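Please read the structure below before turning to the comments.
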There are 2 protein chains.
Amino acid sequence: MSQEKIITIYDIAEKLSLSPSTISRGLQNHAAVNAVTKKKIFDTANEMGYRFNTFARNLRSRKTNTIGVIVPRLNSYFISAMLAGIEKELNGSGYNMLISQSLELQEKEAEYAETMMHNRVDGLIVALAANTTSLDHFQPFFKHHIPLLFADRGIAGNEYTKVVIDNFRAGYEAAFHLAEQGCTRIAHITGNTIRDVYSERRDGYQQALKDKGLSFDESLVFETDLTEISTMKVMNRILKMEVLPDGLFVSNDFCAAIGLKTLKQAGLRIPEDIAIVGFNNDATSRITEPALSTVNYPGQEMGEVVARRLINQLNASNPSEPETLVLKSELIVRSSSLKGGV
Amino acid sequence: MSQEKIITIYDIAEKLSLSPSTISRGLQNHAAVNAVTKKKIFDTANEMGYRFNTFARNLRSRKTNTIGVIVPRLNSYFISAMLAGIEKELNGSGYNMLISQSLELQEKEAEYAETMMHNRVDGLIVALAANTTSLDHFQPFFKHHIPLLFADRGIAGNEYTKVVIDNFRAGYEAAFHLAEQGCTRIAHITGNTIRDVYSERRDGYQQALKDKGLSFDESLVFETDLTEISTMKVMNRILKMEVLPDGLFVSNDFCAAIGLKTLKQAGLRIPEDIAIVGFNNDATSRITEPALSTVNYPGQEMGEVVARRLINQLNASNPSEPETLVLKSELIVRSSSLKGGV
DNA sequence: ACCCAATATGCAATCGGTTGCAGTTAGATT
DNA sequence: AATCTAACTGCAACCGATTGCATATTGGGT
């Protein structure tokens with residue numbers, strides 16, 4: 001098997017004694033090419049194993065049909081659900097997807113933004129890294145009017161289009177529910193509050209305490225990087241407290257599961273001694289014993305919505321106003337927080 | 001903020017009264033360009049906001065510095081660990097990564113292979129979909145001598161380069177361990193045995209039974225698609241058996257966790273009544289109670305190895321022989337299978 | 001037989017870089 | 001002062017497809 005020549009429209013043109021223009025138009029199903037000729041072109045192209053050259057095409061047409069996607073990480077239940085949603089929509093509209101993960105680092109995010117720019121993506125979907133504070137690295141996109149939409153993790157304000165859930169309300173409902181169950185000392189483990197998804201949930205939690213007449217204790221809020229190790233550390237600190245909390249709201253199901261198990265191993269009963277609510281409705285939440293109460297996060301839907309919005313914006317003739325699309329989330333009550341009684 | 005002009009080397013050339021060739025060479029740090037001129041070029045490029053056009057560059061240089069990666073799905077602990085490994089190596093060597101997920105369907109896999117071809121990837125890394133039986137859709141890669149390496153899920157034979165673990169041995173060890181623990185009726189839940197990762201584990205399991213003098217009971221082997229639903233179905237069938245199994249080897253940690261929980265809820269003790277071993281060493285395996293014995297799968301390492309091998313192959317002057325790289329895996333014994341006693 | 005319109009095809013410029021080869025220039029050598 | 005060499009820089013072709021405009025062909029109408 002020898003190296004096979006890469007076929008171009010020029011090769012087809014020569015073989016059929018036609019001009020490259022006609023071949024090009026024929027392959028595009030252009031109306032100005034005779035049906036018989038077209039058929040001949042298609043057949044010959046297949047026969048010779050022709051594949052179009054994306055670069056030549058993109059170079060000329062100044063459009064790449066590629067959407068860049070930058071997410072904090074790939075190995076997250078929520079993120080992969082979202083990617084599946086994005087992919088479904090994009091693929092259905094003939095777009096490709098260039099994915100990369102920032103690993104929660106602004107530095108890598110910036111690097112990838114540049115790569116995306118070089119690859120001349122037609123649009124960009126971003127979920128910001130944990131420590132991203134500035135959007136400077138996205139300036140080129142703004143300058144060149146390349147649509148940039150935020151999915152889930154955006155930045156405060158109405159300047160940009162983003163698809164989110166009402167994190168304040170979700171946090172509020174989680175904490176309110178725990179309070180309803182009789183919890184009076186509710187601890188909260190959250191991610192980096194630079195990201196408003198986390199700060200808003202915390203604010204919601206705080207408001208719920210207030211509305212239920214519970215005092216807010218700063219020392220019960222733990223800001224972490226939501227890894228297994230830091231969760232363990234937090235749990236150890238909690239277990240050493242003089243008065244243990246009787247409720248725990250964790251901004252992530254995996255960490256909630258780790259916490260749940262640690263507390264059980266320390267001899268505490270869930271939910272009798274400590275009731276727990278997680279976040280995301282990961283597969284993990286159904287594995288724990290007792291099953292974990294959590295907030296359902298419509299990952300796939302979020303991906304579909306943001307992708308569809310982007311496609312619309314690309315097809316629109318006039319520039320569209322930035323808007324914030326808020327999806328529904330809901331508290332799912334399972335055994336880890338259900339104490340019985342009303 | 002108005003639409004900013006896209007700067008090309010021609011714009012820089014004009015501004016500096018130099019020729020585009022010199023700009024091009026200067027930006028490439030070519031030796032034949034005066035250091036002073038070079039500096040001037042770089043400064044002006046920055047100042048004007050120049051970004052190179054990947055397409056023009058790729059079109060001319062006939063090299064894309066992009067590697068395609070096709071995996072069955074993104075939302076798997078193992079796969080994302082592997083992707084992280086691949087990304088680390090590729091990025092360190094200046095390559096980009098075009099990812100797509102086949103969703104376990106040969107049809108989608110073929111479609112993406114074509115897209116990768118159009119995007120002229122320099123090489124391809126593939127973990128085959130569950131139902132892929134033919135490699136016809138990769139023919140263009142073979143014909144054009146574009147390296148195609150398999151990661152984890154390849155195809156039998158020595159025709160292609162692949163990075164794998166010894167699945168037969170892993171399956172053998174898992175089943176052997178269960179037998180050692182005193183299990184005599186060991187059930188096995190596996191994925192689509194078209195994929196040799198699954199068939200080899202099953203073969204290893206079978207061989208271990210044989211070596212331990214246990215009879216092989218076909219009705220204890222369940223081939224599934226390894227989803228939550230089918231696992232539940234299998235568990236229900238198992239629970240209805242006249243004689244229950246006393247050991248369970250599942251080719252996937254999440255399904256093992258589902259199984260574990262279902263059995264416990266049915267009143268069975270783990271590991272006393274049924275000992276369980278999973279596969280992959282997912283995060284999930286540490287969440288279950290008791291913690292799940294499993295086979296550690298070096299996902300990140302596998303990604304690094306396959307990417308490094310691909311890069312070497314791309315840099316090599318002469319074509320490299322196909323080879324099979326086997327990584328170490330190991331049984332991790334936790335409480336779900338440890339009955340005590342020797 | 002002549003003209004016109006409709007249909008089909010080709011020419012050549014263009015997208016933005018890259019690179020082999022040739023040409024220029026300044027300084028060194030004799 | 002003439003010659004040579006090394007260091008720079010530019011010309012122009014090229015990568016493979018797209019597309020506005022021009023041209024060729026065909027058939028129909030009168």
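Below, chains carry the letters A, B, ... as their sequence lines are ordered, and counting in each starts from 1. Computed from a predicted model, the values in this text were never measured in an experiment.
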Does the side chain of [X] reach to within under 4.5 Å of the side chain of [Y], using non-hydrogen atoms?
X	Y	value
B/E323	B/R309	yes
B/T66	B/N119	no
B/Y50	B/D11	no

In whole Å, what is the span from the [atom1] atom of [X] to the [atom2] atom of [N]?
X	N	atom1	atom2	answer
B/D11	C/dG16	CG	P	9 Å
B/N29	C/dT18	CG	C1'	16 Å
B/N119	D/dG16	CG	C1'	15 Å
A/N34	D/dT26	CG	P	12 Å
B/L59	C/dT14	CG	P	17 Å
A/N58	D/dT19	CG	P	12 Å
A/L16	C/dG10	CG	P	10 Å

### Query
For the residue pair A/F150 and A/Y160, does the interplanar ring angle fall in the parallel (under 30°), tilted (30 to 60°) or perpendicular (over 60°) class?
perpendicular
Just to be sure I understand the rule, does [X] reach a base, reach only the sugar-phosphate, or reach nothing, if contact means heavy atoms closer than 4.0 Å?
X	value
B/T54	nothing
A/I23	nothing
A/R120	nothing

## Note on the structure
Comparing nearest nucleotides in DNA chain C, the 5'-proximal residue of the pair B/F55, A/T22 is A/T22
### Query
Is it true that the side chains of A/S102 and A/Q106 contain a donor and an acceptor less than 3.5 Å apart?
no
Is the phosphate of [N], meaning OP1 or OP2, less than 4.0 Å from a side-chain N or O of [X]?
X	N	result
B/Y10	C/dT14	no
B/R57	C/dT18	yes
A/R62	D/dT18	no
A/Q28	D/dT19	yes
A/N53	D/dA17	no
A/T37	C/dA8	no
A/S24	D/dT18	yes

## Note on the structure
Residue pair B/R60/A/I9 against DNA chain D: nearer the 5' end by closest nucleotide is B/R60
### Query
Is the base of D/dG10 touched by the side chain of B/R25 through a donor-acceptor pair closer than 3.5 angstrom?
yes
### Query
Does a distance-only test, which skips hydrogens and angles, find a donor-acceptor pair under 3.5 Å between the side chain of B/S19 and the base of D/dC11?
no
